[in-house]
Amino acid sequence: MTTPTLLATSIVHVRTPLGEQVRAAAAGGADLVELRVDCLGDVEAAAELLRQPRRLPLIVTIRVREEGGQWDGDEERRRALFARLGRLRPDYLDVEYARWVAAPRLRRTLQRLCAAGGERPGGARGDGALATPTAAAPAGAPRLILSHHDLRGTPADPQAALRPLLDAPADVLKVVCTAREATQAAQLLSWLHHHAGSRPLAVMALGPAGLPTRVLAPKCGAFLTFAALEPGAEAAPGQPTLHELCAVYRWREVRPTTRVYGVVGWPVAHSRGPHAHNAAMRHAGIDGVYLPWAVAPAEDAFVAFMEALRAHPRLDVRGLSVTLPHKEHAWRWLRANGRSVTSAAQRAGAVNTLTRDDDGGWSGDNTDVAGVHFALHTLGRDELKRLPCAAALVLGAGGAARAAVLALHELGCRVTVCNRTAARAAALAHELRCAWRPWTERAAAPAALVVNATSVGMYPDVDESPLPAQALRPGQIIFDAVYNPPQTRLVREAQQRGCRVLLGEALFIGQAARQFELWHGREAPVDAMRAAAWEAAARRPPAPDAG
Ligand code: NAP
């Protein structure tokens, strides 16, 4: 039987009384609390908390600056502080492995503390209940966490570079690297998966790209992972909050059998995909989790990421949404590997969905045309009836514009394309057999329906609109593909002028729902997806976002 992974949160300030923060941590789902004494600036408050009955087990950490902490004082003072707080019997003491090796006095002090048993202040869970499988320490003695932090990056070959750490004489070995992108997170997860059976391990990657190492810790057998108590209280860059981990990523439900999905792009940190897909899987009772995978823009980076997944099949990544700038990379990668691209992707000229097939290979699909149909079908029946033979204007000539032209053709509209770069409009019109006009004529083109498939109005240029307000007519249907922010300037002005408005959110949900169907073989719970995506938008201000 595998031991469930523990969720820790760090206390890094004394603005709120420490006891209150521990109560909030317990209420937020933490199993244990790390007292970051190097950050607190109030040793007495930490000592007082250690004397109190324990609501949650406590880790005492006094982290040195070169390993990501704020302690840059004298090592002898740090040793004395460890000795003082260690005598109050925290459940764990955390010290850097490099210092353990290099500082014999510090090492002997920690050895003595960890060998000295005795009573710990009483409490429901502070009594050794979280003993590690290897714990040889006497009851009541703190257990030793030896940690290693690489603040510069992740070794190119973690299997070889991190191997010596496995000999560290600790109850728990904690390895923290810095991930510039998702491939490094995947490699660290592979290392964790490989060694988690042999000893209690906590392996994490710092930075936003490291999020998968925290979410998938229970899948890969980690002893422990960390999340922040609240926004702004992160003890390390890229830490999600307890709420985010438990509510958005369903962390408590992630287990070794959990299938993994996600979105590959750059940037992806603010994607609403995780909200929509995780809510949908929860609603449908599917044992899966969907994550942002931040893969650097170069094609090589995309290929390296897919190779990392191939090298680590136990990670069990089953499906990926592909967003900018990797749609073409995905197409070429599939072709180079002799894999298939569906007719929907061929028509759309882009791959926005990858699905792992039963043979372990991948196939490529496109769900944007289905997304446009989904959005248009939120119009009432009467408005839909007006579309065949209606004049439709599509602004833009990229992937979204292409999907819009295809869907509008299928509905029988007469489509005209306008794009800033005329040559792209002409090429798209030629290929998809529709009309085109120069960008300067966009306001004059008569249209019952206008689709904005440019990025004009998207964060951060939220004060821009692709059409002057005077060009909008009452009764016109204005469909803005931009969904960040949800209400663009074009949408606001269209509403003011009596237009019928369709939001980019509907396109987003439509294409995500189709992905859900492709991956899970059942109808998508679109209401749950929409509610989760809206809630995410309401919680967060607009931000750089590719999907
Ligand atoms: P893309 O392939 O990069 O195309 C961008 C388009 O925007 C091009 O036609 C470009 O014109 C035009 N454009 C950019 N800046 C402009 C400016 N200042 N003035 C006029 N035109 C400008 O991107 P895409 O994938 O088609 O996406 C386009 C938009 O749709 C984005 O905002 C994206 O977020 C949104 N989208 C939303 C969803 C959804 O689920 N709601 C799905 C896909 C896309 P040039 O050819 O002249 O460069």
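What you see is a predicted model; the values in this text were computed from it and never measured. Counting starts at 1 for both ligands and their atoms, in listed order.
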- Backbone, side chain, both or neither: what part of F508 comes under 4.0 angstrom of ligand 1, heavy atoms only? both
- Note on the structure: Within 4.0 Å of some non-hydrogen atom of R424, the atoms of ligand 1 are 8 (C), 45 (P), 46 (O), 48 (O)
- Message: If the cut-off is 4.0 Å to any non-hydrogen atom of W439, which atoms of ligand 1 fall inside it?
- Response: 20 (C)
- May I ask you to check if ligand 1 and G399 share an N or O to N or O distance below 3.5 Å? yes
- Message: Please classify the P466 to ligand 1 contact at 4.0 Å (heavy-atom distances, strictly less than): side chain, backbone, both or neither.
- Response: neither
- Hey, are D287 and R255 close enough for a salt bridge, meaning a charged N less than 4.0 Å from a carboxylate O? yes
- Item | Atom NE2 of H283: over 12 foreign heavy atoms under 6.0 Å | no
- Item | Atoms of ligand 1, numbered as shown, that sit under 4.0 Å from any heavy atom of G396 | 9 (O)
- Query: Any donor-acceptor pair under 3.5 Å linking the side chain of R339 with the backbone of W362?
  - Reply: yes
- Within a radius of less than 6.0 Å around CD of E328, do more than 12 heavy atoms belonging to other residues, nucleotides or ligands occur? no
- Message: Take a 6.0 Å sphere around CZ of R250 and say whether it holds more than 12 heavy atoms from other residues, nucleotides or ligands.
- Response: yes
- Message: Check the orientation of H312 and H193. Use parallel for under 30°, tilted for 30 to 60°, and perpendicular for over 60°.
- Response: perpendicular
- Which atoms of ligand 1 sit under 4.0 Å from any heavy atom of V456? 16 (C), 17 (C), 18 (N), 19 (N), 20 (C), 21 (N), 22 (C)
- Item | Ligand-side contact atoms (ligand 1) for residue partner V482, heavy atom cut-off under 4.0 Å | 32 (O)
- Task: Verify side-chain contact (heavy atoms from CB on, under 4.5 Å) between R420 and T454, making sure each step is shown before the conclusion.
- Result: CA-CA 9 Å; R420 180 180 61 177; T454 72; over 6 Å; no
- Message: Enumerate the salt bridge (Lys or Arg N to Asp or Glu O under 4.0 Å) contacts for residues 387-409, please, sequence neighbours excluded, ordered by first and then second residue.
- Response: R402-E431
- Message: Please compare V372, T421, V417 and report which has the shortest non-hydrogen distance to atom 45 (P) of ligand 1.
- Response: T421
- Under 4.0 Å from a heavy atom of G398: give me the atoms of ligand 1 that qualify, with their elements. 2 (O), 4 (O), 9 (O), 26 (O)
- Message: Which of the numbered atoms in ligand 1 are under 4.0 angstrom from any heavy atom belonging to L507?
- Response: 38 (C), 39 (C), 40 (O), 41 (N), 42 (C)
- Residues two or more places apart in sequence or in another chain: which of them pass side-chain contact (heavy atoms from CB on, under 4.5 Å) with H194? Q159
- Message: Out of A533, A397, A400, C418, who is nearest to atom 24 (P) of ligand 1 when you count heavy atoms only?
- Response: A400
- Task: Output the list of atoms in ligand 1 that are nearer than 4.0 Å to some heavy atom of N419, sorted by atom number.
- Result: 8 (C), 9 (O), 10 (C), 11 (O), 45 (P), 46 (O), 47 (O)
- R420, R402, M458, R442: member with heavy atom nearest to atom 22 (C) of ligand 1: R420
